[in-house]
Colleague: 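I have a structure here, written as structure tokens, and I will follow up with some questions on it.
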Number of protein chains: 2
Amino acid sequence: MADQTDSSDDIVLNDFLCFGLYAGNHAMNRVYQPLLKALGLTYPQYLVMVMLWAHDDQSVGELGRKLYLESNTLTPMLKRLEALGYVSRGRDPQDERQVRIRLTKQGKAMQTEAACIPPEIIEATGMSIEELKGLVTKIDSLRSNLSDWAQERSAS
Amino acid sequence: MADQTDSSDDIVLNDFLCFGLYAGNHAMNRVYQPLLKALGLTYPQYLVMVMLWAHDDQSVGELGRKLYLESNTLTPMLKRLEALGYVSRGRDPQDERQVRIRLTKQGKAMQTEAACIPPEIIEATGMSIEELKGLVTKIDSLRSNLSDWAQERSAS
DNA sequence: TCAATAAATATCGTGCACGATTAAATCGTG
DNA sequence: CACGATTTAATCGTGCACGATATTTATTGA
């Protein structure tokens with residue numbers, strides 16, 4: 001009985017954890033929203049742009065693996081980004097199955113406009129860089145564990 | 001110049017933080033999904049049920065304040081829970097503006113079925129109770145800071 | 001070679017999230 | 001009492017997230 005805590009405690013803790021992520025994500029969204037409105041981007045669209053700024057010319061699948069999203073979510077989103085004039089979409093001549101996403105001139109130019117956002121977010125968190133680094137590590141480790149568990153689950 | 005770290009570091013850190021919450025939330029969703037499918041609930045619906053199990057008979061507004069959601073999200077969700085037979089919706093006779101949400105017999109009964117979920121989630125996190133407690137505290141503190149910042153922003 | 005399989009993307013339907021707006025009930029103050 | 005302001009839900013439109021399925025291209029193996 002030393003290796004297991006009180007189960008009612010587990011319930012509460014779990015609820016707070018799942019809810020914490022849920023609410024934390026929403027709160028982050030709401031901080032980003034006014035900042036992104038100036039760029040005409042939504043939060044998920046911004047994440048796509050961040051990925052492309054880091055590494056231009058990626059396939060839908062590559063973006064999906066990094067963002068943990070699939071084509072059913074990405075395709076419509078990328079079409080919107082294309083309609084906004086920030087990316088181009090085109091089949092890869094070497095493998096016509098793939099669609100390659102590239103930044104347009106306008107999309108590249110946005111990176112400098114967006115540079116003002118991260119410092120604002122850091123400030124909004126009200127945490128020190130050290131605290132944030134620790135939190136990022138913990139959350140990523142949590143995400144990784146959860147992903148592994150879901151993976152094993154679906155395999156069985 | 002001692003009070004500000006390298007700004008390029010900030011950019012990376014910020015991107016990882018926002019993305020961490022985003023991806024962590026998704027991962028949590030994906031762990032819950034197969035468990036909740038047995039109950040016929042979605043993740044946000046489950047959160048509503050958790051709130052009602054803790055305290056039955058709440059108004060839409062009360063639920064919204066706890067879940068950080070508003071009627072535009074809650075009303076359709078609560079109607080679905082009503083259609084599923086888990087809650088009832090009715091105007092408060094004392095204040096006809098309010099709609100009170102109550103668990104049905106079936107909704108109350110589900111609590112015992114759902115009791116098996118939290119321990120599974122705890123296991124899926126692959127973390128110790130102490131680690132989780134620390135993480136929950138940190139994330140909630142982050143959420144609180146972000147909310148305050150968004151609040152001040154919109155006020156100005 | 002060519003049919004079966006696999007891989008990559010797209011489509012469709014449902015449910016959440018949220019800004020903006022609307023409608024109804026209540027409250028407050030003259 | 002009356003009427004404007006406030007509170008509470010609901011409605012509408014758009015975009016994300018995702019399960020299930022379809023479509024197209026590439027690969028593999030008799």
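All values reported here derive from a predicted model rather than from experimental measurement. Just so it is clear: chains get the letters A, B, ... in the order the sequence lines come, proteins before strands, and each one is counted from 1.
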Colleague: Using heavy atoms and a sub-4.0 Å distance, could you list which residues of residues 21-32 of chain A are near DNA chain C? By number, please.
Modeller: A/Tyr22, A/His26, A/Arg30
Colleague: Applying a 3.5 Å limit to both distances, which nucleotide forms a Watson-Crick or G-U wobble pair with D/dT23?
Modeller: C/dA8
Colleague: Measure CD/A/Gln94 against P/D/dT27 and give the value in whole Å, please.
Modeller: 11 Å
Colleague: Could you tell me if A/Tyr68 and B/Arg30 have a donor-acceptor pair between their side chains, going purely by distance under 3.5 Å?
Modeller: no
Colleague: Would you mind classifying the nucleic acid contact of B/Gln45 as base, sugar-phosphate or nothing, using non-hydrogen atoms under 4.0 angstrom?
Modeller: sugar-phosphate
Colleague: Tell me, for nucleotides 3-13 of chain C in 5' to 3' order, what letter each nucleotide earns: B for a base near a protein heavy atom under 4.0 Å, S for only sugar-phosphate near one, - for neither?
Modeller: ----BSBBBB-
Colleague: Going by side chain to side chain donor-acceptor pair (under 3.5 Å), B/Gln58 matches just one of B/Lys66, B/Arg100, B/Arg65. Which one?
Modeller: B/Lys66
Colleague: Specify the closest pair of heavy atoms between A/Thr104 and A/Ser88, including all atoms of both residues, with the distance to one decimal.
Modeller: CG2-N, 4.0 Å
Colleague: When all nucleic acid strands are considered with a 4.0 Å heavy-atom cut-off, which category describes B/Gln33: base, sugar-phosphate, or nothing?
Modeller: sugar-phosphate
Colleague: Nearest whole angstrom, please: distance from the C1' of D/dA17 to the NZ of B/Lys37.
Modeller: 16 Å
Colleague: Within the supplied structure, the quantity of interest is the number of heavy atoms (other residues, nucleotides, ligands) at a distance under 6.0 Å from B/Glu70 CD; does it exceed 12?
Modeller: no
Colleague: Relative to the ring of A/Tyr32, is the ring of A/Tyr46 parallel (under 30°), tilted (30 to 60°) or perpendicular (over 60°)?
Modeller: tilted
Colleague: Between atom CG in A/Asp92 and atom P in D/dA26, what is the gap in whole Å?
Modeller: 9 Å
Colleague: Check the pair B/Leu21, B/Leu142 against side-chain contact (heavy atoms from CB on, under 4.5 Å), reporting the backbone distance first and the verdict last.
Modeller: CA-CA 11 Å; B/Leu21 278 174; B/Leu142 171 65; 3.9 Å; yes
Colleague: If I take atom CG in residue B/Leu36 and atom P in nucleotide C/dG15, what distance separates them, rounded to the nearest angstrom?
Modeller: 15 Å
Colleague: Can you see which heavy atom on B/Glu62 is nearest to which on B/Asp57, and at what distance?
Modeller: OE1-O, 4.5 Å
Colleague: Drop me the distance from A/Leu69's CG to A/Leu47's CG, to the nearest 0.5 angstrom.
Modeller: 8.5 Å
